[in-house]
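Heavy-atom basis, side chains included; hydrogens, waters and symmetry copies ignored. Chain letters run A, B, ... following the sequence lines, proteins first and then strands; every chain starts at 1.
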Amino acid sequence: TRTGQDAFVMGFDWGNYLRERNHRAAPVSCFKHAPLFDQWEDVGVGMKVEVINNDAVLPSKVYWIAYIVKLAGYKALLRYEGFEGDTSHDFWCNLGTVDIHPIGWCAVNSKLLVPPQTVHQRIRDWKAFLTKRLVGAKTLPVDFYIKMADSMKYPFRQGMRVEVVDKAQLSRTRTAVVDAVIGGRLRLLYEDGQGDTEFWCHMWSPLVHFVGWSKRTGHEIKKFEKKKDMANHPTFRKIYCDAVPYLFKKVRSVYTEGGFFEEGMKLEAIDPLNLGSICVATVHKVLLDGYLMVGMDYSETPGGADWFCYHASSHAIFPVGFCERNKIDLTLPKNYDKTSFSWPKYLEDTASKPAPSRLFNMDCPSHGFEAGMKLEAVDLMEPRLICVATVRRVVSRLLRVHFDGWDEEFDQWVDCESSDIYPVGWCEITGYQLQPPVSADEST
Amino acid sequence: GAEASGRKWEQKQVQIKTLEGEFSVTMWASDDKK
């Protein structure tokens with residue numbers, strides 16, 4: 001079991017980690033839900049900025065001009081002007097956090113630009129040197145940090161009620177109240193107060209819904225005594241309200257003309273209890289608004305307590321044969337093995353039919369992820385934890401995420417547009433704790 | 001690029017203030033399309 005650790009307290013540094021192993025990081029432009037996604041096209045290698053001069057012996061804070069040598073998520077490797085090919089003073093900065101400004105900011109704010117002492121004597125005419133280096137070059141947009149602040153405003157706030165999957169029984173929802181919002185991630189407390197009441201998910205997660213969603217779609221919801229609910233809790237009493245439907249991510253509309261998913265149809269689905277597995281699965285129930293209750297065929301849990309709700313447009317369900325076509329190990333039903341299982345035979349054995357492939361949402365955007373790229377990813381089995389991770393495999397829009405230092409058995413499949421994966425440096429920007437790689441020598 | 005997000009690259013005159021004095025240079029920066 002993972003226990004929470006703070007990567008920065010443990011001495012983990014993304015810059016060193018990437019440099020020592022020559023790793024690449026997935027660019028911010030891969031993450032639609034991340035702050036500055038819309039602005040990231042304005043940022044690139046070679047771009048000039050004004051940044052604190054750490055190579056000065058003056059009593060007051062002074063600045064100097066630097067340029068981006070390399071980008072890794074939100075982190076930028078910077079080199080001061082004047083160092084030319086000398087990499088000895090290169091340093092990593094998080095473009096979302098530190099004192100980095102567009103060229104011209106110092107003059108406007110009465111700050112002085114002073115060359116680093118290491119190179120002060122190297123160049124005789126700094127004005128001529130800087131003019132040559134800066135004219136025609138690119139700099140950060142002046143509204144960069146305004147846009148960033150805008151992209152970090154979230155519509156959810158403490159005290160809002162939602163319906164969210166019951167982690168103790170996946171086939172039903174439970175009402176919960178928002179306790180905290182960090183970087184769009186919600187810390188929820190189940191209202192009934194029973195068992196482990198904490199649950200974390202992103203506000204755009206398919207696991208969280210508006211109050212009334214379960215009744216509307218026909219999904220099971222856990223009932224509890226109203227008098228014990230959070231409306232009476234001293235923290236939430238005054239700020240209590242239902243989160244309204246427009247705050248949640250809209251699901252794609254489904255059209256049922258010409259046939260839709262039916263009870264008993266077979267498919268392949270990511271196992272919600274083991275996100276590294278894709279299983280032979282069955283549609284057990286068709287709810288309203290395009291939602292399906294899907295069960296993994298290996299399961300012997302009685303009463304469908306581990307059925308899981310997927311929307312028909314979900315990228316976590318696939319037509320039969322998907323795994324075989326993409327050379328992914330398919331988790332088989334009990335009493336079958338690789339030699340005895342084939343889809344045609346299984347359909348015959350179970351007198352069932354496959355869900356038609358036209359019903360699945362198989363579009364694939366040009367997402368930009370490649371195997372080997374580093375990122376920060378939620379451990380979905382312990383969703384309060386965000387870990388140092390690697391894209392191990394890319395299958396169309398599906399990513400196999402490996403948690404650095406952990407055994408392969410902990411790998412998880414996620415969609416390329418999942419709101420549970422983030423660029424390198426996201427935790428630093430939002431103040432969320434990052435879990436370092438498990439082995440001490442990998443983390444420092 | 002920037003065009004797709006409703007922004008465009010523009011040439012901007014920016015001031016540089018060093019110990020030796022102040023001068024201006026022309027650089028590129030993206031901005032909201034007006």
Side-chain angles (χ1 to χ4, degrees), chain A residues 29 32 36-44 46-50 53 56 58 60 62-65 67 81-82 101-115 117 120 123-144 146-147 150-151, chain B:
Chain A
S29 50
K32 274 188 183 173
L36 292 174
F37 168 80
D38 288 330
Q39 278 66 51
W40 211 252
E41 293 288 355
D42 300 345
V43 179
M47 180 166 265
K48 316 281 184 181
V49 291
E50 291 178 347
N53 178 356
L58 297 168
S60 60
V62 292
Y63 291 78
W64 187 236
I65 292 164
Y67 59 97
E81 284 293 1
H101 307 279
I103 303 295
W105 180 88
C106 282
V108 170
N109 292 280
S110 304
K111 310 280 183 193
L112 209 54
L113 289 166
V114 178
Q117 57 173 348
H120 204 167
I123 289 146
R124 285 190 172 185
D125 185 348
W126 278 104
K127 182 181 170 184
F129 175 80
L130 287 180
T131 303
K132 195 176 165 194
R133 298 287 292 166
L134 297 180
V135 170
K138 287 178 176 175
T139 190
L140 278 181
V142 286
D143 59 355
F144 189 70
I146 296 168
K147 296 285 182 190
D150 286 347
S151 66
Chain B
E3 297 283 337
S5 58
R7 299 172 68 86
K8 66 177 175 185
W9 287 96
E10 286 177 345
Q11 282 200 306
K12 309 247 178 192
Q13 192 87 355
V14 294
Q15 286 293 113
I16 307 292
K17 190 179 172 186
T18 68
L19 286 169
E20 286 83 20
E22 233 175 299
F23 60 98
S24 67
V25 292
T26 307
M27 298 188 73
W28 290 96
S30 82
D31 205 349
D32 273 331
K33 278 181 184 172
K34 300 286 184 291

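- Within the 4.5 Å cutoff, side-chain heavy atoms of A/Lys48 are placed close to those of B/Met27.
- Residues that satisfy the side-chain hydrogen bond (donor to acceptor under 3.5 Å, both in side chains) test with A/Asp150, not counting sequence neighbours, are A/Lys153.
- For B/Thr18, the parts sitting under 4.5 Å from any heavy atom of chain A are the backbone and the side chain alike.
- When every heavy atom of B/Ser30 is checked against every heavy atom of A/Pro141, the shortest pair comes out as O-CB, 3.3 Å.
- Only the backbone of A/Lys111 comes within less than 4.5 Å of a heavy atom of chain B; no side-chain atom from C-beta onward does.
- Among all heavy-atom pairs drawn from A/Glu41 and B/Trp9, the shortest one is O-CZ2, 4.2 Å.
- With chain B as partner, the option from A/Leu140, A/Ile103, A/Val114 having the largest number of non-hydrogen pairs under 4.5 angstrom is A/Ile103.
- With a 4.5 Å cut-off on non-hydrogen atoms, A/Ser110 touches chain B through its backbone and its side chain both.
- Atom-to-atom distance recorded for B/Trp28:CH2 and A/Met47:CE is 12.5 Å, nearest 0.5 angstrom.
- In this structure, the side chain to side chain contact (heavy atoms under 4.5 Å, CB included) partners of A/Phe129, at least two apart in sequence or on a different chain, are A/Glu81, A/Glu84, A/Ile123, A/Trp126, A/Arg133.
- Side-chain contact between B/Val25 and A/Leu130 is absent, with no heavy-atom pair separated by less than 4.5 Å.
- Between chain A and the residues B/Gln15, B/Lys12, B/Lys17, B/Gln13, the largest count of heavy-atom pairs under 4.5 Å involves B/Lys17.
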